[in-house]
Amino acid sequence: MSLRSGLSPPGLLFAVLGLGAMALPFATLSANRIVAGQGLALWQVAGPWATAAALAAMALALGLGLRGGWPWARLLGSLLGLGALLGLLGHAAPRLLAEAGEFARVSPAAGAWCLLLVFMMLMADALSVLRPGPWLRLGLLAGALALLAALFASGLLADLSVFQEYRARIEGFQRAAARHVALALGSLLAAGLIGFPLGILCQRRASLRAVAIPVLSFLQTIPSLAMFGIMIPLLSWVAASVPGARELGIAGIGFAPAFLALLLYSLLPVVANTVAGLDAAPRAAVEAARGMGMTPAQRLRSVELPLALPVILAGLRIVLVQNIGLAVIAGLIGGGGFGTFVFQGLNQTATDLILLGALPTVALALVAAILMDIMVDLTRHSPGEAR
Amino acid sequence: MPVSYGTLLRAGLALLLLALVLWPQGFAPVFAPFAPEGGPVIYTRASLLSLSLGHLGLVAVATLASTVVAVLLAILVTRPAGAAFRPLSRTLTNVGQTFPPVAVLALAVPVLGFGTGPTLVALFLYGLLPIFENAMTALSTLPPRTMEAARGIGLNRWQQLWQVELPLAAPVMLAGIRLSAVIGLGTATIGSTVAARTLGEVIIAGLLTSNTAFVLQGGLIVGLFAVLIYDALVQLERRLTPGRPRPA
């Protein structure tokens, strides 16, 4: 094992990949936001001193990753590498733009993306060896988000084309973000309100479970585009025939069909994990509660549900991450969210617009997953304090 | 008996699917109320059969490629020589699965351009994760006594892998393949927004021209394919798991 000392095999892999990535085109300079640009190598984007400094820092970062025994040094190395990478991009963009036309755009090319990926993998590898506890993870996440916010606020990356795309539609972006979160969290909430009672009932009655779980798994199987599409005639019919439905904002396209589709996808993880969590509650604990004279309702509230909480939360994690991803499809049926940018971008072949929709979605899903994992761990460590 | 109900339902759904694909005109009266006034009811810009074959072919090729690569990687990581990569690979599969499939598809376009290519690559990459995760879990949690017995009867490493480990891990691996195939079917549908020839084309055409008949027609066909394929793979898993409850 090389975990304690010596060469780290993943570190060696990262070093090879990183050096390879440095040979790929680093940035793309294009005449406007639609046309294909011209790739520039790492040593063509900035002056000799800046390039040398960035190269040295990235080489040092990859070197720090080589040692197996020092996970903290490797974590530091990954941050150094990311800093050098973003610094070089931020330094190069205004220089390249100054020499190009008015509508020119500078964007990261394959080499920069691959280097980003390599340093992220180095960070992931260091973290997976460090195995930080839930509170430390929360601290690291907060630190990473603060660094990211500071980076955006500093304007270092403001000349990259994704940020130009963002500045051109700040209001639309904020609306899309709010709508995306509303879709994902709203459907999660609704799934909880329906799913918990249904899960508890399913755990009590085998006959209900035998019907509900297969039906919900089949619902999950239906491709998202088909599900969102089928909701349109269904809800147009409801809006047209149920009095008052239209006033509530129910319509064939827009928020309502997207919300309903997400809700249907969310039910299986909530119900199945509620059942599994309650099933896994130790018999002895349930028996003891019965011996103390607790009513079934008291047993459920103060013994079974607290014991099942980590598994139920794990179900909610699946739902939240899944919904953040699926909410992108809402962009196709006028439901708003980041999907609007993704599909507009695909229509116009505008890469930056695609990125403007896809990158925040990925980031949102990642942050949601990390937060929910922390919550699952916390409830697992101290079930007594869990609420 | 529930078994015979299940078989009947399966046969009925399969027949309905075949009819929808091979004889779409026959459903004109059913879909007519959903079409716009005077608009086309049945999608005729491409044959539904060729779109179905394209869709299924795309998913089959991607899932097959993901299976081969993911199982190979899982075997490497569960050997002593690959142990150093295990924590990393676990983290990467966890993180990778938080990436929305649509986002992976959309991000493949700037790199690879439009068409079937980026869809295939996105399906392949995303399909790796569930298969790798399940294969790694299955191969690293084999009953130690069985492995000892395999060594005891003098099997070499290669024979152990081929005759004991892989067969024992097969049902759990198959569950991963099923997950990947189902996600692939869904992602391939969205692939038509990047110009891949799949059944999503019918739904997208319906959405663009506000023709709900197209949306329903495409949605029904894709949905039925997904449900039937999922069900077939579940049945296969049950066959491969003698005397054990089906792993979740």
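Protein chains get the first letters and strands the later ones, always in sequence-line order, with residue 1 at the start of each.
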Test log, rule salt bridge (charged side-chain N to carboxylate O under 4.0 Å, His left out), inputs A:Asp377 and A:Arg137: CA-CA 11 Å; A:Asp377 273 10; A:Arg137 286 215 302 276; 3.0 Å; yes

Measure [X] against the heavy atoms of chain A and call it side chain, backbone, both or neither at under 4.5 Å.
| X | result |
| --- | --- |
| B:Phe225 | neither |
| B:Thr212 | side chain |
| B:Val227 | both |
| B:Val222 | both |

Using a 4.5 angstrom heavy-atom cutoff, name the option from [options] with the most pairs to chain B.
| options | result |
| --- | --- |
| A:Thr349, A:Thr361, A:Ile222 | A:Thr349 |
| A:Val362, A:Leu225, A:Asp125, A:Ile318 | A:Leu225 |
| A:Ala368, A:Ala124, A:Ala369 | A:Ala124 |

Quick one: ring-ring contact (aromatic ring centres under 6.0 Å, His included) pairs with a partner in residues 188-217 of chain B, sequence neighbours left out?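 Pairs touching residues 188-217 of chain B that pass the test: B:Tyr43-B:Phe214.
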
Contact class of [X] relative to chain B, heavy atoms under 4.5 angstrom:
| X | result |
| --- | --- |
| A:Ile329 | side chain |
| A:Leu13 | side chain |
| A:Met120 | neither |
| A:Phe14 | side chain |
| A:Phe343 | side chain |
| A:Arg317 | side chain |

Do B:Phe124 and B:Val69 come close enough that some side-chain heavy atom pair is under 4.5 Å?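 In short, these two side chains touch, coming nearer than 4.5 Å.
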
pair B:Asn211-B:Pro40: side-chain heavy atoms closer than 4.5 Å: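 Yes, their side chains come closer than 4.5 Å.
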
Is the backbone N or O of A:Ile324 less than 3.5 Å from a side-chain atom of A:His180, with the two atoms forming a donor-acceptor pair by type?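 Yes, because the side chain of A:His180 sits within donor-acceptor range (under 3.5 Å) of the backbone of A:Ile324.
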
Heavy-atom pairs under 4.5 Å with chain A: which of [options] has the most?
| options | answer |
| --- | --- |
| B:Val104, B:Thr193, B:Leu107 | B:Thr193 |
| B:Thr187, B:Leu185, B:Thr189 | B:Thr189 |
| B:Ile183, B:Leu199, B:Val194, B:Thr98 | B:Thr98 |

Stepwise salt bridge (charged side-chain N to carboxylate O under 4.0 Å, His left out) test for B:Glu133 and B:Arg90: CA-CA 7 Å; B:Glu133 188 178 27; B:Arg90 202 164 280 147; over 6 Å; no

